[in-house]
Protein chains: 2
Amino acid sequence: MAARPTSKTYESSDKVGVICRALRRAIIEQALEPGAKLPEDSLGERFGVSRTIARHALGQLAAEGLVELRRNRIAVVATPSWQEARDAFDIRIQLERLVVRQLAGKLTKSQIAELNAHVDAEDRARGGTDAVSIRLATEFHILLAQMTNSPILVRYVSEVAYRCCLTLSLYSRPHSTECAINEHRAIIAALAKGDEAKVMELMHHHLDSVANRALVAPAPLRGRDLLDILAPYADEVASDRVVKLPKIARRS
Amino acid sequence: MAARPTSKTYESSDKVGVICRALRRAIIEQALEPGAKLPEDSLGERFGVSRTIARHALGQLAAEGLVELRRNRIAVVATPSWQEARDAFDIRIQLERLVVRQLAGKLTKSQIAELNAHVDAEDRARGGTDAVSIRLATEFHILLAQMTNSPILVRYVSEVAYRCCLTLSLYSRPHSTECAINEHRAIIAALAKGDEAKVMELMHHHLDSVANRALVAPAPLRGRDLLDILAPYADEVASDRVVKLPKIARRS
DNA sequence: AGCGCTTCAATTGCATGCAGTTTGGTGTCG
DNA sequence: CGACACCAAACTGCATGCAATTGAAGCGCT
């Protein structure tokens, strides 16, 4: 007992958490597109853990709505419908209004500096890929939520923001981030000034315009395959199972 | 396997889900008080499953905020702080405003009948225990959410409503349900009439007054033990571990 | 009695194994 | 050529076993 010959202990050991964070990030950066398969085996192998753990992680992500779990089937990255995407944004708007309402006029100098630093990072990332821009923009909102010191609010805002990210990869066209960045700056300014009504309005407008820019049409524009498009028409036939059509190759 | 007549009904056979629902209900009916221990073994035994499944269920409930999970420790029913309780209600208000905004003037006759029937049930339950009244009141709100046909909204409203239930058992004094019932009726009426602004206002006021009635004082009044009361004072000492005091018998 | 130390049962963390289900491919027959 | 039956591989659902950690009782010391 004198030494720890087994260097097992060196880990932060929250293996489930590690996997969740990794997958979450992969999803919001669109490395994993909606519909991508997530077999427990592969996940376990990739992260050096057993299926049990991978499975548990998938359960968590399913609870967050990022992953879809169907009995006896391979888990897949969630594919929210257009309506769900719209709903997610509506919820998000309300939650983030709450965030900025709590924050208006209550931020410390260092917090404001932190926010500005983050937006600077967003600015620098403008040359990079869309994926990174989107992630940074999302993290800005999560950062705001964290400053409320309300764990519940942080959790819900994070969740719904991730979910919105997911929908961006489904329905959004390649998107211009500039205005978003400016709007972030405006929000910081209004927060610093303490104008509660103004900042709530700004946030509302900001998210609404992001949603409108993203969710342009109720039909999937970008690359989702036939099965998804046909899904609503299958409602009459069966609840869970799409009607069998001859030879539609699911993109594998 | 003797006692169980293998009621393998197609009712989802989802053992994890069964356990989650059972525990959720036990928690909101205050059969399980905040702080109650939930060892994986006992759970598994009680529900006739292995620890693996019980563990998974606990993970889900933890994701919903109903259960607290600390590494290598027995899971316990969550004990939200007063501030968290207040935050939960604030979030809930926003979410449910969204619900009634979507619903105003769009309910079918049968839906209205269903709501009225539910409130009638609440009425009949007035003689019974507080636990049942609280559960029914909560289910009324969830029922409303379900009528939006927005799965996301349903999930968030359910979660946060359960969480609020949890706080009631912590901070509320024995509570009078009559006004709540009347307010439910008023909400139904306004929904039927389609007065969006009015119903949002009603819901806001309803939840706010429930919160105010429940969260009377920032200090736990009812029966939480010393350790919880002292918790905030221990912040200085250690992040995770309460300072050791002589012989406080934790209610086992 | 009060305080530290040792020890041990209770409990969690995780991997593995087996059984049942789904999936995709192949062969057979109309 | 296409539809159907069938089979093997892949995968999930779940229980069980083992190592590691915790918490509390027991014990001696002051």
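Only a predicted model underlies this, so the values are computations on that prediction, with no experimental measurement involved. Order of the sequence lines fixes the chain letters, A, B, ..., with proteins taken first and strands second; residue numbering starts at 1 for each chain.
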Interatomic distance, B/Asn72 CG vs D/dG23 P [rounded to whole Å]: 9 Å

Measure the distance from CG on A/Leu38 to C1' on D/dT12 and round it to the nearest whole Å. 14 Å

Those residues that, when tested against B/Arg163, pass side-chain hydrogen bond (donor to acceptor under 3.5 Å, both in side chains) (two or more places apart): none

Given atom CZ of B/Arg70 and atom C1' of D/dT21, what is their separation to the nearest angstrom? 14 Å

The criterion is side-chain hydrogen bond (donor to acceptor under 3.5 Å, both in side chains); which residues satisfy it with B/Arg51, sequence neighbours excluded? B/Glu40

Round to the nearest Å and state the distance from B/Lys37 atom NZ to D/dG23 atom P. 9 Å

Interatomic distance where CD belongs to A/Glu40 and P belongs to D/dC11 [whole Å]: 10 Å

Can you list the residues that meet the side-chain contact (heavy atoms from CB on, under 4.5 Å) rule with A/Ala137, with sequence neighbours excluded? A/Glu122, A/His184

Go through the structure and list residues passing salt bridge (Lys or Arg N to Asp or Glu O under 4.0 Å) with B/Glu29, not counting sequence neighbours. B/Arg25, B/Arg135

Below 3.5 Å between N/O atoms, which protein atoms pair up with nucleotides 14-16 of chain D? Just atom names and distances, please.
from: D/dC14; atom 1: N4; to: A/Arg51; atom 2: NH2; distance (Å): 3.3
from: D/dA15; atom 1: OP1; to: B/Ser50; atom 2: N; distance (Å): 3.3
from: D/dA15; atom 1: OP2; to: B/Ser50; atom 2: N; distance (Å): 2.8
from: D/dA15; atom 1: OP2; to: B/Ser50; atom 2: OG; distance (Å): 2.6
from: D/dA15; atom 1: N7; to: B/Thr52; atom 2: OG1; distance (Å): 3.2
from: D/dT16; atom 1: O4; to: B/Thr52; atom 2: OG1; distance (Å): 2.9

Keeping A/Glu84 on the side-chain end and B/Pro151 on the backbone end, is there a donor-acceptor pair under 3.5 Å? no

Round to the nearest Å and state the distance from A/Ile74 atom CD1 to C/dT21 atom C1'. 12 Å

Roughly how many Å is it from CG in A/Leu58 to C1' in D/dC11, rounded to a whole number? 13 Å

Salt bridge (Lys or Arg N to Asp or Glu O under 4.0 Å) involving B/Glu68 - partner list, sequence neighbours excluded: none

